[in-house]
A.B. asks: 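Sharing a structure below in structure tokens format, with a few things to ask.
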Protein chains: 2
Amino acid sequence: MPRALRADAERSTARILEAADRLLRGNPEATLEQIADAAGVARSTVHRRFASRAALLAALTSLVNDRLREVVARARPETAPPLVALHQLTDVALTLKVDWRFAVDLTGDGTTEDSTLDPAVLTGLTTAFSRACEEGLIRPDLDTDWVLRIYFALMHEAAVRPGGEDAHTRAQDVLDVFLHGVGPR
Amino acid sequence: MPRALRADAERSTARILEAADRLLRGNPEATLEQIADAAGVARSTVHRRFASRAALLAALTSLVNDRLREVVARARPETAPPLVALHQLTDVALTLKVDWRFAVDLTGDGTTEDSTLDPAVLTGLTTAFSRACEEGLIRPDLDTDWVLRIYFALMHEAAVRPGGEDAHTRAQDVLDVFLHGVGPR
DNA sequence: CTTAACTGCGACATGCGTGTAGCGTTTCTG
DNA sequence: CAGAAACGCTACACGCATGTCGCAGTTAAG
């Protein structure tokens with residue numbers, strides 16, 4: 001556990017992470033030098049903060065996992081009414097995904113084997129779904145994995161979609177299509 | 001226009017393209033040597049058939065565009081009943097996407113700027129959608145781009161989804177969720 | 001069967017991204 | 001203000017994927 005970073009170092013780290021996500025979402029093979037330039041620092045600084053490219057990606061992953069844990073905790077998927085929890089979850093998660101698209105994609109959708117998404121986040125989401133299922137919001141005959149995939153896919157498209165709509169509107173569009181798509185007939 | 005390839009050369013080309021898609025879908029940065037090994041040929045043979053890595057990818061793109069043109073033409077999106085056209089389109093396109101996942105993804109979803117998807121394919125699909133809209137299958141207040149994105153996303157998830165379901169079943173699942181998700185209230 | 005095409009193999013050149021190190025300068029922190 | 005921390009810059013080493021070439025052996029085609 002090294003001592004705390006100096007203020008300017010902390011600033012650099014943040015700028016590097018932001019630039020990394022911004023560039024990598026357009027080109028996953030973007031160079032560390034390109035990232036450094038976009039962040040307004042030298043390449044050596046990137047290497048000073050992150051031992052390797054892999055370490056930089058790991059930092060992005062852990063960053064987004066931290067935020068997602070917060071998001072899920074705040075939505076209270078075990079106690080809140082499923083519809084409310086789902087709305088809250090979708091709303092905030094979408095905001096996060098718009099800002100940290102690459103990092104969120106990097107964690108994987110939880111349906112793949114090599115996912116680095118925090119299991120706690122996934123379980124929170126699945127509890128919200130299963131409770132929504134019990135309340136008749138989701139058809140029980142649908143495969144859980146399939147439902148999860150649909151949700152993640154809609155979230156992704158909503159985040160990628162151009163246009164200045166705010167996250168709240170986008171989230172509403174996602175849940176509208178989702179709940180009718182997987183809802184009762 | 002060079003003279004026709006010899007039979008074994010044609011075979012090699014096909015094996016390389018198949019191996020390329022199979023490997024690249026798992027790792028887009030897979031080496032030409034890895035591809036060559038998977039195809040059962042030497043790396044030099046890959047370079048003989050495809051001048052560069054870019055040329056190999058271009059070949060995959062054009063291959064999938066050819067097939068997609070066929071698919072769209074066969075579905076007759078301007079004359080056939082929208083629901084029928086949509087089913088046929090989804091069914092065959094999904095089969096294609098399962099076999100050539102990387103290549104199809106490479107063409108882009110048509111909603112992005114750098115898409116290499118044949119415009120003819122895209123227009124065929126959009127006509128099917130607009131006619132479905134006129135028949136009340138799709139809510140007219142939804143953004144065309146958003147609807148298209150949803151469709152592509154569902155297709156993708158259905159193709160990626162593990163499990164031995166045949167393309168027909170998967171296509172039905174896609175259209176089920178899609179038409180209810182974007183259908184009238 | 002004879003020719004031309006195709007292939008595998010090995011060698012080589014090249015460019016590029018990554019990672020390391022040192023040094024002088026700037027910028028926080030107490 | 002003094003010391004430490006962080007930075008920019010430069011240079012270097014290294015690995016690796018790409019692309020090219022030639023040659024000898026194999027295979028399809030007429």
Side-chain angles (χ1 to χ4, degrees), chain A residues 1-63 101-103 105-106 114 116, chain B residues 1-63 101-103 105-106 114 116:
Chain A
M1 196 74 185
R3 45 180 304 175
L5 287 179
R6 227 171 64 178
D8 52 350
E10 202 87 52
R11 230 176 0 241
S12 294
T13 307
R15 296 186 63 178
I16 292 171
L17 287 171
E18 288 164 16
D21 194 285
R22 187 154 27 90
L23 262 69
L24 291 172
R25 79 178 58 167
N27 172 25
E29 303 173 37
T31 304
L32 291 184
E33 186 152 25
Q34 295 174 312
I35 294 174
D37 287 351
V41 301
R43 186 170 69 95
S44 54
T45 301
V46 176
H47 277 105
R48 242 187 292 267
R49 296 279 143 260
F50 307 98
S52 66
R53 183 187 183 88
L56 174 58
L57 299 186
L60 281 172
T61 298
S62 108
L63 181 151
R101 179 140 48 111
F102 176 81
D105 289 351
L106 196 61
D114 59 340
T116 55
Chain B
M1 194 76 187
R3 47 180 304 179
L5 287 178
R6 225 170 66 178
D8 52 349
E10 202 89 51
R11 223 171 11 237
S12 294
T13 308
R15 295 187 63 178
I16 292 170
L17 287 171
E18 289 165 14
D21 193 286
R22 188 154 26 88
L23 263 67
L24 291 173
R25 78 177 60 165
N27 172 26
E29 304 173 36
T31 304
L32 291 184
E33 184 152 25
Q34 295 174 313
I35 295 174
D37 287 350
V41 301
R43 186 171 67 95
S44 53
T45 300
V46 176
H47 277 106
R48 242 187 293 268
R49 295 281 142 258
F50 307 98
S52 67
R53 183 188 182 88
L56 174 58
L57 299 186
L60 280 173
T61 298
S62 107
L63 181 152
R101 180 140 47 111
F102 176 81
D105 288 352
L106 195 61
D114 59 339
T116 54

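A note on names: the letters A, B, ... follow the listed sequences, proteins ahead of strands, and every chain is numbered from 1. Since the model is a prediction, treat every value here as computed from it, not as a measurement.
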A.B. asks: Check side-chain hydrogen bond (donor to acceptor under 3.5 Å, both in side chains) between A:N27 and all other residues, then give those that pass, not counting sequence neighbours.
C.D. replies: none
A.B. asks: Going 5' to 3' along DNA chain C, between which two nucleotides do contacts with chain A fall, using a heavy-atom cut-off of 4.0 Å?
C.D. replies: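 Nucleotide range with atoms under 4.0 Å of chain A: C:dG17 to C:dT29.
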A.B. asks: Can you give the donor-acceptor pairs under 3.5 Å from side chains of residues 17-26 of chain A to other protein atoms, not counting sequence neighbours?
C.D. replies:
{"from": "A:D21", "atom 1": "OD1", "to": "A:R25", "atom 2": "NE", "distance (Å)": "3.3"}
{"from": "A:D21", "atom 1": "OD1", "to": "A:R25", "atom 2": "NH2", "distance (Å)": "2.7"}
{"from": "A:D21", "atom 1": "OD1", "to": "A:R101", "atom 2": "N", "distance (Å)": "3.3"}
{"from": "A:D21", "atom 1": "OD1", "to": "A:F102", "atom 2": "N", "distance (Å)": "3.3"}
{"from": "A:D21", "atom 1": "OD2", "to": "A:F102", "atom 2": "N", "distance (Å)": "3.3"}
{"from": "A:D21", "atom 1": "OD2", "to": "A:A103", "atom 2": "N", "distance (Å)": "2.8"}
{"from": "A:R25", "atom 1": "NE", "to": "A:D21", "atom 2": "O", "distance (Å)": "3.4"}
{"from": "A:R25", "atom 1": "NH2", "to": "A:D99", "atom 2": "O", "distance (Å)": "3.0"}

A.B. asks: Taking only heavy atoms on the protein side, list every residue of residues 12-31 of chain A lying under 4.0 Å from any atom of DNA chain C, sorted numerically.
C.D. replies: A:T31
A.B. asks: Apply side-chain contact (heavy atoms from CB on, under 4.5 Å) to A:A51 and list each qualifying residue two or more places apart in sequence or on a separate chain.
C.D. replies: none
A.B. asks: Could you pull out all residues at least two apart from A:A42 that satisfy side-chain contact (heavy atoms from CB on, under 4.5 Å)?
C.D. replies: A:S44, A:T45
A.B. asks: Please tell me which of B:L32 and B:R6 maps to the more 5' nucleotide of DNA chain D, matching each residue to the nucleotide holding its nearest heavy atom.
C.D. replies: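 The 5'-side residue here is B:L32.
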A.B. asks: Does anyone know the first and last nucleotide of DNA chain D in reach of chain B, 5' to 3', at under 4.0 angstrom to a heavy atom?
C.D. replies: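 Under 4.0 Å from chain B, the extent on DNA chain D is D:dA17 to D:dA29.
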A.B. asks: What residues in residues 37-55 of chain B put a non-hydrogen atom under 4.0 Å from any atom of DNA chain D?
C.D. replies: B:R43, B:H47, B:A51, B:S52, B:R53
A.B. asks: So if I take the C1' atoms of five pairs at each end of the helix from C:dC1-D:dG30 to C:dG30-D:dC1 and get each local axis, what angle do the two axes make, rounded to 10 degrees?
C.D. replies: 40°
A.B. asks: Tell me, do B:I35 and B:L32 make a side-chain contact under 4.5 Å, heavy atoms counted?
C.D. replies: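 They are in side-chain contact.
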A.B. asks: First locate atom OG1 of B:T13, then atom CG of B:L63, and finally report the distance between them rounded to the nearest 0.5 Å.
C.D. replies: 11.5 Å
A.B. asks: What pairs meet the salt bridge (Lys or Arg N to Asp or Glu O under 4.0 Å) rule with one or both residues in residues 6-16 of chain A, with sequence neighbours excluded?
C.D. replies: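 Qualifying pairs: A:R6-A:D8.
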A.B. asks: Listing request: all salt bridge (Lys or Arg N to Asp or Glu O under 4.0 Å) pairs with a residue in residues 31-53 of chain A, at least two apart in sequence or in separate chains.
C.D. replies: none
A.B. asks: Between B:F50 and B:L57, is any pair of side-chain heavy atoms under 4.5 Å apart?
C.D. replies: no
